[in-house]
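Since the structure comes first, as structure tokens, the remarks are kept for the end.
Within every chain, numbering begins at 1; the chains are lettered A, B, ... in the order of the sequence lines, protein sequences first and strands thereafter.
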Amino acid sequence: MESRYNPRQVEEKWYRFWEENEFFHVQPDSGKQPYCIVIPPPNVTGILHMGHALNNTIQDILIRWKRMQGYCTLWIPGTDHAGIATQNVVERQLAKEGLSREDLGREKFLQRVWEWKEKYGSTIVNQLRKLGASCDWRRERFTMDDGLSEAVITAFIQLFNRGLIYRGNYIINWCPRCKTALADEEVEYQEQEGFLYYLKYPVIGEKRKFVTVATTRPETMLGDVAVAVHPDDERYEFLKDKKLLLPLMKRELVIVKDEIVDPEFGTGAVKVTPAHDPADFEIALRHKLKPVIVMDQAGKMNENAGKYKGLDRFEARKQIIKDLESQELVEKIEPYIHSVGHCYRCNTVIEPYISRQWFVKMRPLAKPAIKVVKDGKIKFYPPRWEKVYLHWMENIKDWCISRQIWWGHRIPVYYCRNCWREESEYDFTPKDVNSLKGVIVSAVKPERCPECGGNDFIQDEDVLDTWFSSWLWPFSTMGWPKIKKRSPHSIKEGEKLNDLDYFYPTSTLVTAQEILFFWVARMIMAGMEFIGEEPFRDVYIHGTVRDEKGRKMSKSLGNIIDPLEIIQEYGADALRFSLISITAMGQDVYLSRDKFISGRNFTNKIWNAARFLIMNIGELKEIRIDRVSVFDAWILTVLNQLITDVNQSLSEYNFNESASLLYEFFWHKFCDWYIEIKKKDLYSGDELKSTQAKIILIYILDNILRLLHPFMPFITEEIWQKIKPFLPLAYSSLGKEYRDFPTIMIATWPEVDDRIHDPRSVELMSRVIEIIQAIRNIRAELNVPPAKKINVILAGEDGEILDLFDRNREYIMPLATLDDIEIHRQDIERPDGSAFGTAGRVNIYLLLQGIIDIQKEKQRLRDKREKFYQDLENVVAKLENKEFIAKANPQVVAKVRERKKELEGAIQELNSILDSL
RNA sequence: GGGCGGGUAGUUCAGUGGGAGAACGCCUCGCUUACAACGAGGAGGUCGAAGGUUCAAUUCCUUCCCCGCCCACCA
């Protein structure tokens with residue numbers, strides 16, 4: 001074995017071994033308890049970033065832990081077709097060839113997207129393999145697979161039949177670049193510096209009278225149809241029966257009174273642009289105003305914009321202000337910070353826009369989804385997310401599900417060419433599609449129109465929002481709708497369970513806070529609606545991975561730390577362990593490259609400890625171990641405690657705590673103390689002693705490897721396979737049953753052994769450690785060469801610990817580089833030439849006569865102290881100098897004060913060392 | 001405007017009604033046959049500020065100040 005762990009050599013090997021032997025694959029097993037996680041499907045366009053790495057490490061830890069505990073454990077992987085994102089990627093590719101999707105046409109374009117998917121779509125799942133994710137790849141799904149597409153269509157039709165789907169002209173969020181509608185959640189608001197423009201609208205029939213309105217988007221004035229004021233606003237009483245003139249367009253505007261207007265804001269008068277502002281749209285509905293659409297789908301001004309037709313919206317803004325200024329109709333322009341909506345896929349400024357879209361009525365779906373959380377059937381970790389969830393659910397708005405793109409599930413609605421008439425674009429009443437003539441909702445193209453008997457149909461051009469397939473993920477991946485979940489009592493004894501019967505509801509959902517509304521909330525609604533049961537029991541929401549400055553990692557900021565690079569450099573185990581160590585429940589993770597060093601160092605430590613044991617193990621003979629030393633009892637008891645604590649923290653999703661427990665035990669108990677103590681036996685030449693030592697060392701190593709395996713799957717497997725041949729013998733020597741497994745990943749999870757439970761040994765050992773550390777401390781402070789063996793006298797009333805030292809002197813002496821220990825069961829007078837220290841109720845005398853020159857050492861320390869005194873005097877003088885205090889930079893003064901404290905501390909310390917000599 | 005999270009060592013962060021911790025960095029000593037990616041020792045913090053509850057507060061309560069996030073019809 002090499003002295004350094006080399007992850008590259010082992011990771012690929014073991015992953016292939018696991019996957020080829022199908023250790024990840026399971027079928028429902030009624031003899032076991034199920035444990036199931038569905039992966040938050042990454043976008044097919046995705047490449048593994050730290051957020052994925054964290055998310056999937058957490059899932060893999062849970063899965064591997066439960067699998068070893070004996071659950072029938074299933075982790076379903078897959079990818080999301082990510083409608084807009086994927087379409088954008090392929091469109092960019094086409095653009096390089098000078099083509100647009102329109103050039104290709106719908107069919108050819110979709111073919112191109114599928115080709116892209118076949119070629120690049122498995123990038124991210126292969127990267128998950130590198131991370132060590134133990135997904136059941138035989139069940140890998142894609143949201144546009146046949147089965148999942150069927151689920152989407154079925155869900156749409158079911159909602160339609162329940163009257164929960166409607167079509168309507170409504171104001172929605174429009175991305176002028178993607179040329180599609182977006183759901184409210186798909187808009188990202190960013191604070192931006194802009195201007196608030198105060199525009200003067202002349203009052204008709206009055207000379208030199210104006211109403212001033214404020215707006216951040218002057219170009220929308222072209223679509224103004226009214227000005228609204230608060231009903232109680234007396235300032236505008238004079239406008240009764242008056243109208244305003246819309247400048248530039250010479251259109252008459254009515255005055256409407258509406259409660260929504262805040263008299264405090266701006267001038268208290270609001271221009272009303274129903275076609276381009278959601279609030280104005282609502283006002284228009286209330287007052288029966290007809291909207292004027294002044295932009296096209298690309299965000300350019302249209303024919304309703306008069307002479308501004310063809311201008312981009314931002315160009316138009318400049319031009320309009322210029323024109324208004326020349327007519328002296330701009331009262332003022334103030335700098336203004338406001339939040340502007342951006343497309344979450346391409347970051348273009350969103351335009352509120354009236355268009356015909358499909359919607360889902362959400363209130364009826366939200367109701368059971370609220371109840372199931374309130375009833376405690378779904379628990380959030382950390383719990384604060386429950387409030388966030390409920391607040392959103394209780395104020396839920398209808399979901400715009402249609403998208404004007406091509407890549408996705410096409411809406412299963414057909415229009416009869418013969419009898420269907422498109423409703424007016426100014427008809428704003430939501431349409432129950434059943435009431436529309438010639439509109440047919442159907443999974444397949446209908447044969448005949450039920451209205452007129454026609455047989456010529458066109459399908460709706462739109463596709464469904466990506467999340468309309470994602471929200472079905474927990475059960476569509478299990479075969480719904482072909483497979484149905486049956487109620488437990490309808491299943492006959494011995495009858496085969498299907499995946500839904502067995503694995504649904506899944507156990508834990510592990511996800512990021514960003515998609516709580518997008519995905520988590522909607523999955524709960526879908527689960528209740530389509531299966532009648534919650535989709536998961538626990539929701540663990542981890543934090544966002546950010547850079548060291550707290551910014552999100554993004555390509556444009558160039559602050560990405562690539563997990564694959566970290567894997568290449570330090571190994572997947574180091575990446576996983578480091579990530580998990582710094583992830584406190586639900587807290588954001590601030591990451592920098594050096595965070596991974598501690599994980600890498602830990603893998604190396606594990607490697608070398610194992611290397612040491614394997615090198616020393618030689619041949620092992622079976623013996624009967626029925627008596628163990630206090631040290632053995634200590635490590636076995638601490639191991640018991642570790643098992644309990646790791647189970648506890650994992651079941652509470654305190655992953656960082658589990659990680660630090662394991663780290664602490666392995667490094668600072670097992671390596672620092674237990675192995676060091678056992679070296680005596682290993683090197684003793686006494687076969688019984690060395691065999692017993694080997695057996696317990698191997699046994700502990702086996703246990704810790706199993707406990708570490710969920711966190712660090714690769715290195716634990718590599719080492720475990722090397723020690724595996726010795727395990728049957730080690731187990732039987734300890735009187736334990738050993739079960740053989742081909743891989744550690746399905747080996748049994750360690751259990752607490754009640755036969756070995758000796759809290760007394762733990763108490764004693766902590767005092768032993770304390771005394772040894774005190775000895776080392778004195779040695780270091782007095783400059784005793786680390787390799788120089790010395791004698792120590794321990795004296796005092798603590799008979800118990802003194803006995804322990806007495807009996808185990810040969811184990812303890814190497815730990816402190818001692819030549820001999822002399823024990824006195826009562827205190828003694830301090831011998832000449834000794835240094836003094838205490839630990840608990842034990843006095844420690846280090847016999848340094850002849851080792852160091854005590855007088856000389858004393859003199860050295862006194863000299864040192866003298867120097868400090870002089871420095872201190874100078875510092876104090878400086879601080880008492882009023883001129884200095886008055887003139888000097890406060891930072892300098894603070895530094896001098898700090899130095900004073902430092903010196904005082906150092907002097908005090910030297911005094912205490914001198915006292916002990 | 002409403003809500004949430006955070007402010008603890010030089011840095012990044014755990015944690016707790018009674019003893020202040022880890023990693024990385026720093027200082028001293030040591031390449032002692034598992035590991036220098038190591039070992040031994042050490043320095044370093046009025047736990048954001050002010051009040052209150054308590055025998056006891058970094059921890060619980062109130063107010064305030066900074067940082068971050070989410071939600072909202074910020075015209």
Work out how far the C1' atom of B:A37 is from that of B:C47, and round it to whole angstrom. 32 Å
Answer with base, sugar-phosphate or nothing: what part of the nucleic acid does A:Val261 contact at a heavy-atom distance below 4.0 Å? base
Ring centres under 6.0 angstrom apart (A:Tyr381, A:Tyr540): no
Picking from B:C74, B:C35, B:C71, the nucleotide nearest the side-chain atoms of A:His391 would be B:C71
Round to a whole Å and report the spacing from CG of A:Leu613 to P of B:U33. 18 Å
Can you tell me how far P in B:G19 sits from the matching atom in B:C66, rounded to whole Å? 32 Å
Remember a base hit wins even if backbone is also touched, and classify A:Ser578 as base, sugar-phosphate or nothing at under 4.0 Å, heavy atoms. nothing
When you compare B:C61 with B:U54, how far apart are their C1' atoms, in angstrom units rounded to a whole number? 12 Å
Quiz item: A:Glu657 side-chain donor-acceptor pair to B:A22 base, under 3.5 Å: no
Positive for side-chain contact (heavy atoms from CB on, under 4.5 Å) with A:Ile790, one of A:Val784, A:Thr817, A:Asp819: A:Val784
Would you indicate which nucleotide in B:A34, B:C24, B:A37 comes nearest to any side-chain atom of A:Arg611? B:A34
Tell me if the aromatic rings of A:Phe518 and A:Tyr344 count as close, with their centers under 6.0 Å from one another. yes
Pick base, sugar-phosphate or nothing for A:Asn616, based on heavy-atom distances below 4.0 Å to the nucleic acid. nothing
Taking atom P of B:C69 as reference, at what distance in whole Å does atom CD of A:Glu185 sit? 20 Å
Just checking A:Arg600: base, sugar-phosphate only, or nothing, at a heavy-atom cut-off of under 4.0 Å? base
Do the side chains of A:Pro352 and A:Ile171 get nearer than 4.5 Å, heavy atoms only? yes
What is the nucleic acid contact for A:Ile260, judged by heavy atoms within less than 4.0 Å: base, sugar-phosphate only, or nothing? base
Lys/Arg N to Asp/Glu carboxylate O, A:Lys679 vs A:Glu676, below 4.0 Å: yes
Please tell me which of the listed nucleotides, B:A37, B:A23, B:C74, lies nearest to the side chain of A:Asn604? B:A37
Taking the P atom of each, how far is B:A9 from B:G45, in whole Å? 10 Å
If you define the side chain from C-beta out and look only at heavy atoms, does anything of A:Asn608 sit under 4.5 Å from A:Tyr5? no
C1' gap between B:A56 and B:G18, integer Å: 6 Å
Look at all strands and tell whether A:Tyr683 reaches a base, only sugar-phosphate, or nothing, counting heavy atoms closer than 4.0 Å. sugar-phosphate
With a non-hydrogen cut-off below 4.0 angstrom, is A:Glu188 in contact with a base, only sugar-phosphate, or nothing? nothing
Provide the distance between the two P atoms, one in B:C24 and one in B:C67, to the nearest whole Å. 32 Å
Any N or O donor-acceptor pair under 3.5 Å from the base of B:C74 to the side chain of A:Ser339? yes
Do the side-chain N or O atoms of A:Lys595 get closer than 4.0 angstrom to the phosphate oxygens (OP1, OP2) of B:C24? no
Would you say the side-chain atoms of A:Thr273 and A:Asp224 include a donor-acceptor pair closer than 3.5 Å? yes
Could you tell me the separation between the CD atom of A:Gln513 and the P atom of B:C71, rounded to a whole number of Å? 11 Å
Under 6.0 Å between ring centres: does that hold for A:Phe380 and A:Trp385? no
Between A:Leu196 and A:Asp184, which has a closest nucleotide on RNA chain B that is more 5'? A:Asp184
Compare the minimum distances between each of B:C74, B:C35, B:C38 and the side chain of A:Ser3, then state the nucleotide with the smallest one. B:C35
Under a 3.5 Å cutoff on both atom distances, Watson-Crick or G-U, what's the dot-bracket for RNA chain B ([ ] crossing, | other strand)? (((((((..((((....[..)))).(((((.......))))).....(((((..]....))))))))))))....
Using modelled atom types only, decide if a donor and an acceptor are shared between the side chain of A:Arg217 and the backbone of A:Arg317 within a distance under 3.5 Å. no
Taking only the side-chain heavy atoms of A:Lys397 (C-beta and beyond), determine which of B:C4, B:C73, B:A23 contains the nearest atom. B:C73
Euclidean distance, atom CD of residue A:Glu394 to atom P of B:C70 [Å, nearest integer]: 22 Å
Could you check how far CZ of A:Arg286 sits from P of B:C73, rounded to whole Å? 13 Å
Can you work out whether A:Met615 or A:Ile597 has the more 5'-proximal nearest nucleotide on RNA chain B? A:Ile597
Just call it for A:Ala609: base, sugar-phosphate, or nothing, with non-hydrogen atoms closer than 4.0 Å on any strand. base
Ring centres of A:Tyr170 and A:Phe281 under 6.0 Å apart? yes
Measure the distance from CG on A:Leu697 to C1' on B:A34 and round it to the nearest whole Å. 12 Å
CD of A:Glu657 to CD1 of A:Ile580: how many Å apart, nearest 0.5 Å? 13.0 Å
Span that lies between the P atom of B:C64 and that of B:G1, in whole angstrom: 13 Å
Please tell me which of the listed nucleotides, B:A34, B:C74, B:C24, lies nearest to the side chain of A:Cys671? B:A34
Can you tell which of A:Tyr570, A:Phe714, A:Phe602 makes a ring-ring contact (aromatic ring centres under 6.0 Å, His included) with A:Phe577? A:Phe602
Nearest-Å distance for atom pair CD/C1', residues A:Glu386 and B:C71: 18 Å
Does A:Arg4 put a side-chain nitrogen or oxygen below 4.0 Å from OP1 or OP2 of B:A37? yes
Between B:U8 and B:A14, how far apart are the two C1' atoms, rounded to whole Å? 10 Å
From the list A:Tyr198, A:Tyr197, A:Phe210, side-chain contact (heavy atoms from CB on, under 4.5 Å) with A:Glu331 holds only for A:Tyr198
Could you list all N or O pairs between the protein and nucleotides 39-41 of chain B that sit under 3.5 Å apart?
unit_1	atom_1	unit_2	atom_2	d
B:G39	OP1	A:Lys605	NZ	3.1
B:G39	OP1	A:Trp667	NE1	2.4
B:A40	O3'	A:Arg776	NH1	3.4

Whole-Å distance, A:Phe602 CZ to B:C35 P, equals 18 Å
